There are 2 protein chains.
Amino acid sequence: MSVVAKAIELLGYFSKEMPEVGLSELCRMAKRDKATTYRHLSALEALGFIEQNRITKAYRIGPAVLPLAELRETTVPRREGALSPLKALADLTGETAHVAVLSGQSLHSLVSRESTAHSTRAVMDVRQLPLHATASGLCALAFGPTDLMDTAIVHLHPFTAQTATTQDAVAALTKLAQETGFAESKGSFESDIHSIAVPVFDHQGQLAGTVAVAGVANRMTPELEQKTRTGLVKASRDITRNWGGTIPSHIDVLWRKSLEADQQKELAP
Amino acid sequence: MSVVAKAIELLGYFSKEMPEVGLSELCRMAKRDKATTYRHLSALEALGFIEQNRITKAYRIGPAVLPLAELRETTVPRREGALSPLKALADLTGETAHVAVLSGQSLHSLVSRESTAHSTRAVMDVRQLPLHATASGLCALAFGPTDLMDTAIVHLHPFTAQTATTQDAVAALTKLAQETGFAESKGSFESDIHSIAVPVFDHQGQLAGTVAVAGVANRMTPELEQKTRTGLVKASRDITRNWGGTIPSHIDVLWRKSLEADQQKELAP
DNA sequence: TAGATCGGTTCATTTATTGAACCATTATTG
DNA sequence: CAATAATGGTTCAATAAATGAACCGATCTA
């Protein structure tokens, strides 16, 4: 692992819940030596990526990230295009909706929207999503570049008892997603969270990212699941359009079939 | 210089004018070896800080900066508070207005607003502002922590023929700013740009950042300069208030005196 | 077709990174 | 209130990682 990666990884330990973190705390979280962490922090501080609270000595994200984000937004305005479909999805389901983008071999959280319908809800505080353990990740494996699986199986970290930790198990989940058009994670990343994800595509019909709904498990009834699937498909269509992409026809077919099957089930009993 | 710094410095070469840059171009700009640059880029790509255009092979800023910027703004919401005073300032002067924040020992561009009054205008594409060569930098030296000067004099890079390159010259400009309440740069960073800056303060009356107007030199008449000074003082008062800060009374006195002197001059001829 | 440029790779040399042990301060606590 | 255990920060010899000249194959240009 390069120093660059180690240093920048530290930025991942800051969150809305913990916007300021001290040196020792950060060492524990990153499981690194104090001197090392300190030098990494100092380097990031000199660059304005983090800054230090002069009183508490704790660190927080610095102002240097702002112009970079602005540049990214004006160059590739994906966030804006994802925002309003995501809001609609969160409102429809009453759960947390989020969009992640595929960059190289990894999946990054782009924007998330929490519903205010319930006091308990999923909070998206992870920036890089594990491919094998999240609905979004499995969705990327199912519909993204094939070599993504090679990266995924390097570290099959067991986040919960439900996490798929063998190549075969991950492959099976991926296959299921490819057959239905929906990727699912039932407590495989966080134990009480049940997620469903669908792919978003770029102008070449390649996977650009994923839209997902992360729901509190005990609220995820078959009815809500169906509503979620319908909402996800609409959100993916909207975001794909906003990003100037097109949904491959075979994906369209998959979704139509899955949604029709759901409706059948609803009419049957 | 640490690898972390070298790698992250590469991010500085992307701009609105050049949002996508190839490997060789980047090597020339950063004056570094190709292999080194390539490895730095690869590291940043793996972290999502940059991504590669699969067709042109050129690199651009990646999506990983977006959640960081969002976290920064929710933690330290300064951008929002600066935006509308900045807009007013740009409209008043017809030139480019911008705000920078002091983070540790360096000054970072926070947000800039260009006026549409003229087709030629200053473009703020630098993220870290040199302390000795810009109005904002001199302003920070004049009203910020005293140890800032130590950092400033380490590299007195001659950006133009007008740049102050001796400690004495920088000290003289700083002293002038301290006496008038306004820091000025006449072509010391970019030859045709004339800038004026004033400080913005935090809740302790310490320097939090700077507001500045960067004007095209030949448009900067004494009349526009006076209008700019008045506008800057208003902008600083508004932004300082929005950030929950207070302007020290001695600064208030300085500004009043300077603006009154300006009015005298205007009435005299 | 010959030369130039591009992105990307290799490997011996060099240089920066590492972490145990060390301070100096600042809370905690019996 | 003194003892203890945190905290942030620093040092330096051992070591692991970064470096860059030279190289490759693919495009592009004249």
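On a predicted model such as this, the values are computed, not experimentally measured, just so you know. A note on names: the letters A, B, ... follow the listed sequences, proteins ahead of strands, and every chain is numbered from 1.
Between B:Thr36 and D:dA18, a side-chain N or O to OP1/OP2 separation shorter than 4.0 Å is absent. B:Ser24 has no side-chain polar atom (N or O) that falls below the 4.0 Å cut-off from OP1 or OP2 of C:dT5. For the OP1/OP2 pair of C:dT18 and a distance below 4.0 Å, the side-chain nitrogens and oxygens of A:His40 include at least one atom meeting the criterion. Phosphate contact (OP1/OP2 of D:dT10, side-chain N/O of A:Tyr38, threshold under 4.0 Å): present. Contact between the side-chain N/O atoms of A:Lys6 and the OP1/OP2 oxygens of C:dT18 is found at a separation under 4.0 Å.
Atom CG of A:Asn53 has more than 12 neighbouring heavy atoms from other residues, nucleotides or ligands inside a 6.0 Å radius.
Spacing between atom CG of B:Leu23 and atom C1' of C:dT5 amounts to 12 Å, rounded to whole angstrom units. Residue B:Leu44 contributes atom CG, which lies 12 Å from atom P of D:dA18 at whole-angstrom precision. To the nearest angstrom, P of D:dA21 lies 6 Å from CG of B:Asp33. The distance from atom CG of A:Leu41 to atom P of C:dT18 is 12 Å, rounded to the nearest whole Å. Summarising the geometry, the separation between NZ on A:Lys34 and P on D:dT11 is reported as 14 Å, rounded to the nearest angstrom. Straight-line distance from the CD atom of A:Glu25 to the P atom of D:dA5: 20 Å, rounded to whole Å. Regarding A:Tyr59, its OH atom lies at a distance of 8 Å from the P atom of D:dG8, rounded to whole Å. Summarising the geometry, the separation between CD on A:Glu20 and C1' on D:dT7 is reported as 16 Å, rounded to the nearest angstrom.
Side chain of A:Val3, nearest nucleotide from D:dG8, C:dT17, C:dG7: C:dT17. Comparing atom distances between the A:Arg39 side chain and each of C:dG8, D:dA18, C:dG19 picks out C:dG19 as nearest. With distances taken from any side-chain atom of B:Gln52 to the nucleotides C:dG7, C:dT18, D:dA21, the minimum falls on C:dG7.
Nearest-nucleotide positions on DNA chain C for B:Ala35 and B:Arg28 put B:Arg28 closer to the 5' end.
Taking CZ from A:Phe159 and OG1 from A:Thr134, the interatomic distance works out to 8.5 Å, rounded to the nearest 0.5 Å.
No salt bridge links A:Glu70 with B:Arg127; every basic N to acidic carboxylate O contact stays at or beyond 4.0 Å. A:Lys6 has no carboxylate O lying under 4.0 Å from a charged side-chain N of A:Glu9, or vice versa, which leaves the two without a salt bridge.
Proximity of a side-chain donor or acceptor of B:His132 to a complementary backbone N or O of B:Thr165 within less than 3.5 Å is not detected.
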